[in-house]
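The block underneath contains the structure these notes are about, expressed in structure tokens.
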Amino acid sequence: MVLKRSSLSLFLGFLLISLIAPRSIARFVVEKNSLRVTSPDKIKGTYDSAIGNFGIPQYGGSMAGAVVYPKDNKKGCKEFDEFGISFQSKPGALPTFVLVDRGDCFFALKVWNAQKAGASAVLVADDMEEPLITMDTPAEDVSSAQYIENITIPSALIEKSFSETLKKALSNGDMVNVNLDWREAVPHPDDRVEYELWTNSNDECGVKCDMLMEFVKDFRGAAQILEKGGYTQFTPHYITWYCPQAFTLSRQCKSQCINHGRYCAPDPEQDFSSGYDGKHVVLENLRQLCVFKVANETKKPWVWWDYVTDFQIRCPMKEKKYNKECADAVIKSLGLDGKKIDKCMGDPNANSENPVGKGTRGDVTILPTLVVNNRQYRGKLEKGAVLKALCSGFEETTEPAVCLSGDVETNECLDNNGGCWQDKIANITACRDTFRGRVCECPLVDGVQFKGDGYKNCEVSGSGRCKINNGGCWHESRDGHTFSACLDVDGGKCQCPPGFKGDGVKSCVDVDECRERKACQCPACSCKDTWGSYECSCSGDLLYIRDHDTCISKSGTEVKSAWTVVWVIFIGLAMAAGGGYLVYKHKLRSYMDSEIRAIMAQYMPLDSQAEVPNHVHEERA
């Protein structure tokens with residue numbers, strides 16, 4: 001880690017702690033691996049090389065290759081294809097180890113350019129006689145972040161004198177073969193690996209902070225498998241600084257330190273007048289260490305990985321959530337004892353030392369740093385590479401099964417539901433297990449989408465919501481009757497059904513229609529309240545009509561109905577008889593009239609008609 005410059009850093013003494021530790025002078029440790037020349041015979045032997053702090057060293061293994069020193073682009077600062085150079089090995093040939101000179105550009109860029117041209121490893125020749133150093137990634141260089149992340153080949157720095165030996169042999173036309181050996185890079189004394197991660201909770205420190213956060217999320221599952229199986233013993237550590245006695249009352253020390261200048265961190269934004277202060281970082285570092293301490297006391301030290309991962313996701317500085325309130329929410333979701341953690345942190349304003357996690361290591365100067373079996377890891381902080389380093393720390397034949405498999409996968413949702421939201425009654429959870437870990441994401445169940453942050457709440461939304469746990473609304477069953485407040489209309493809402501009152505979510509209380517005189521109020525009515533309704537009866541032989549809230553006589557109704565039928569029949573018959581009589585009378589009268597008229601017509605003509613011929617035929621004379 002390259003620390004940001006600020007006025008505070010000009011007078012801060014350097015202190016390495018496991019968050020809090022005695023003052024010590026830091027010394028830089030260069031982790032080496034063995035480089036053995038196998039040909040030509042005149043330069044055979046073993047030489048030291050310093051492992052680069054990027055790429056993927058083959059911990060626990062070795063790699064053989066042929067050394068090539070390019071005629072052009074000797075420092076590797078430009079892409080080799082611009083010079084028509086390729087290091088791709090021919091079928092059946094040894095992999096190519098490219099030798100480049102130090103200078104003019106970042107170490108990582110040299111390795112990246114060689115990798116793109118087909119190199120399997122890179123040896124960087126020092127340009128001066130000096131003790132070997134660790135080749136690190138450029139600090140806070142955003143432009144280099146992408147290619148650094150994609151470097152997958154190992155690299156090492158070699159001494160200037162040794163590089164001149166290699167170059168001379170190559171210029172003489174010799175084939176130079178070397179073997180890079182990482183088998184002894186990590187001690188492997190027994191069947192348990194002890195490792196440490198020196199880290200920091202500040203998420204605004206640039207590229208390295210981003211890489212650290214990504215590693216913690218990716219490696220969490222593998223770390224928890226190893227820890228739960230008793231194969232490893234993990235310990236987190238943090239770096240802080242102290243403020244010299246003469247400056248403890250200054251504004252800078254007060255804003256960047258706790259415990260009267262004993263524990264400090266640089267201002268995250270490098271601006272004392274705005275944003276977060278260094279003391280906020282120190283407090284969160286201390287909280288994370290106390291989370292580990294409390295979790296370790298409950299025999300679950302692996303919960304530290306859950307807390308740190310969730311805090312990064314839920315409480316970032318850029319969203320102004322990097323605070324105690326957000327941290328407490330994460331602690332609660334993981335089932336940790338918040339009071340014990342607060343007690344562990346103590347009083348940050350006290351003029352005393354905090355006894356938590358004292359340590360004496362003074363050899364860590366790069367953040368993040370991984371220490372495996374007391375040996376600092378070098379290379380890309382990546383799940384697969386780190387797992388190889390851990391597995392190389394086991395005594396032979398004692399490796400756990402995970403070290404013999406191609407990958408590691410654990411269902412993190414099985415432990416405390418992964419700290420995500422869940423509805424135990426409906427057996428629904430927001431925890432979704434993935435290869436890279438778990439995510440808290442509100443689910444889609446039977447076509448119904450839940451919405452929320454996935455950690456503290458998920459609520460049903462849209463149509464069909466009543467199918468899932470009654471849409472989160474009140475519901476209850478009694479004596480074979482079930483009532484629900486869920487209405488699947490207008491996007492869904494909770495409303496108590498008729499006969500109940502309440503908020504519809506947490507409760508709906510039966511309405512006493514009798515006491516509140518809302519029904520069964522007629523003079524002859526007798527009211528009895530029931531759950532969700534009421535019963536109304538009438539005295540004597542009266543019948544209750546619910547729609548009109550009244551009582552009527554059962555017998556009166558029956559007689560009246562019978563007489564009505566009788567009268568209808570009688571009237572119908574009378575009308576039929578009357579009608580028949582009138583028709584008969586009319587026809588009879590018409591017949592008699594016609595007969596009378598015919599008789600009278602024989603004797604006299606009628607005024608109203610012409611003479612009618614006589615019906616009697618006279619005899620002709």
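Fair warning: this is a prediction, and the values are worked out from it, not measured in the lab.
- Between V193 and Y231 the shortest side-chain heavy-atom distance does not fall below 4.5 Å.
- Going from atom CG of L123 over to atom CG of L157 covers 9.5 Å, rounded to the nearest 0.5 Å.
- Heavy-atom minimum distance, L212 versus T199: CD2-OG1, 3.0 Å.
- Residues N202 and C209 share a closest heavy-atom pair of O-SG, 3.1 Å.
- Remark: the backbone N or O of A385 is paired with a side-chain donor or acceptor of E382 at under 3.5 angstrom.
- Separation of atoms CD (Q224) and NZ (K300) is listed at 11.0 Å; rounding is to 0.5 Å.
- At distances below 3.5 Å, not a single donor-acceptor pair connects side-chain atoms of K78 with backbone N or O atoms of N113.
- K320 places no side-chain N or O within donor-acceptor distance of the main-chain N or O of M317, the cut-off being under 3.5 Å.
- Partner F87 forms a ring-ring contact (aromatic ring centres under 6.0 Å, His included) with one of Y69, F80, F97 and no other, that one being F80.
- To the nearest 0.5 Å, the span separating CG on L387 from CG on D218 amounts to 12.5 Å.
- Side-chain atoms of N172 never come within 3.5 Å of backbone atoms of D174 as a donor-acceptor pair (strictly under, hydrogens ignored).
- Checked by atom type and distance alone, the side chain of T248 never pairs as donor or acceptor with a backbone atom of G261 at under 3.5 Å.
- Between W241 and Q256, every side-chain heavy-atom pair lies at or beyond the 4.5 Å cut-off.
- At least one side-chain heavy atom of S161 sits less than 4.5 Å from a side-chain heavy atom of E129.
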**Request:** Carefully, step by step, assess Y276 and N323 under the rule side-chain hydrogen bond (donor to acceptor under 3.5 Å, both in side chains).
**Result:** CA-CA 10 Å; Y276 290 98; N323 52 45; 5.0 Å; no
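- Pairing each heavy atom of S163 with each of D126, the nearest pair is OG-O, 4.4 Å.
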**Candidate pair R251 and K254, rule side chain to side chain contact (heavy atoms under 4.5 Å, CB included), full reasoning** = CA-CA 5 Å; R251 182 171 66 91; K254 287 183 177 181; 5.8 Å; no
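- Atom OG of residue S49 and atom CD1 of residue I158 lie 8.0 Å apart, to the nearest 0.5 angstrom.
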**Message:** Under the criterion disulfide bond (SG atoms under 2.5 Å apart), I'd like the reasoning laid out for C326 against C315: C-alpha separation, chi angles, the key distance, then a yes or no.
**Reply:** CA-CA 6 Å; C326 188; C315 312; 2.0 Å; yes
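- Residues S333 and R314 are in side-chain contact: their nearest non-hydrogen atoms beyond the backbone lie under 4.5 Å apart.
- A heavy-atom distance below 4.5 Å is not found between the side chains of P368 and F215.
- In plain terms, the two heavy atoms of E227 and W302 that are nearest each other are CG-CE3, 3.9 Å.
- For N285 (side chain) and S201 (main-chain N/O), a donor-acceptor pair under 3.5 Å exists by modelled atom type.
- The shortest heavy-atom contact between V124 and D101 is CG1-C, 4.4 Å.
- For the side chain to side chain donor-acceptor pair (under 3.5 Å) criterion with Q233, the lone passing option out of R192, E194, E196 is R192.
- A side-chain donor-acceptor contact under 3.5 Å links S171 to the backbone of K168.
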**Request:** Decide yes or no on side chain to side chain contact (heavy atoms under 4.5 Å, CB included) for F106 and I148, but give the supporting numbers first.
**Result:** CA-CA 11 Å; F106 295 129; I148 291 173; over 6 Å; no
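- The shortest side-chain heavy-atom distance between I43 and L166 falls under the 4.5 Å cut-off.
- The backbone N or O of M175 lies less than 3.5 Å from a partner atom in the side chain of S39, making a donor-acceptor pair.
- Between P95 and S89, the shortest heavy-atom contact is CA-OG, 3.3 Å.
- Counting heavy atoms from C-beta outward, E214 and M211 have side chains that stay 4.5 Å or more apart.
- Interatomic distance, K293 NZ to L286 CG, rounded to the nearest 0.5 Å: 11.0 Å.
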**Message:** Could you walk me through whether Y322 and F311 satisfy the ring pair (Phe, Tyr, Trp, His ring centres under 6.0 Å) test, starting with their C-alpha distance in whole Å, then the side-chain angles of each, then the deciding distance to 0.1 Å, before giving a yes or no?
**Reply:** CA-CA 8 Å; Y322 187 92; F311 184 82; 5.5 Å; yes
**Request:** Carefully, step by step, assess C431 and C440 under the rule disulfide bond (SG atoms under 2.5 Å apart).
**Result:** CA-CA 5 Å; C431 188; C440 294; 5.6 Å; no
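- Side-chain contact, N150 with Q115: no donor N or O sits under 3.5 Å from an acceptor N or O.
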**Request:** For the pair V281 and E284, evaluate side chain to side chain contact (heavy atoms under 4.5 Å, CB included) and give the outcome as yes or no after the intermediate values.
**Result:** CA-CA 5 Å; V281 176; E284 181 53 34; over 6 Å; no
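- Here K75 does not pair with D127 in a salt bridge; the nearest charged N to carboxylate O distance is not below 4.0 Å.
- Remark: side-chain polar atoms of D310 are not paired, donor with acceptor, to backbone N or O of V330 under 3.5 angstrom.
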**Verdict with reasoning, C257 to C264, per disulfide bond (SG atoms under 2.5 Å apart)** = CA-CA 4 Å; C257 308; C264 313; 2.0 Å; yes
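- Checked by atom type and distance alone, the side chain of T232 never pairs as donor or acceptor with a backbone atom of F234 at under 3.5 Å.
- D277 CG to I258 CD1: the interatomic distance, rounded to the nearest 0.5 Å, is 13.0 Å.
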**Item:** Residues V291, V308; criterion side chain to side chain contact (heavy atoms under 4.5 Å, CB included); working and verdict
**Value:** CA-CA 9 Å; V291 164; V308 173; over 6 Å; no
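- The aromatic rings of Y195 and F219 lie perpendicular to each other, with more than 60° between the two planes, well past the 30° mark.
- Side-chain contact between W112 and K116: present, with at least one pair of heavy atoms (C-beta onward) separated by less than 4.5 Å.
- Checking each of V386, L197, T369 against Y377 for a side-chain contact (heavy atoms from CB on, under 4.5 Å) leaves exactly one that passes, namely V386.
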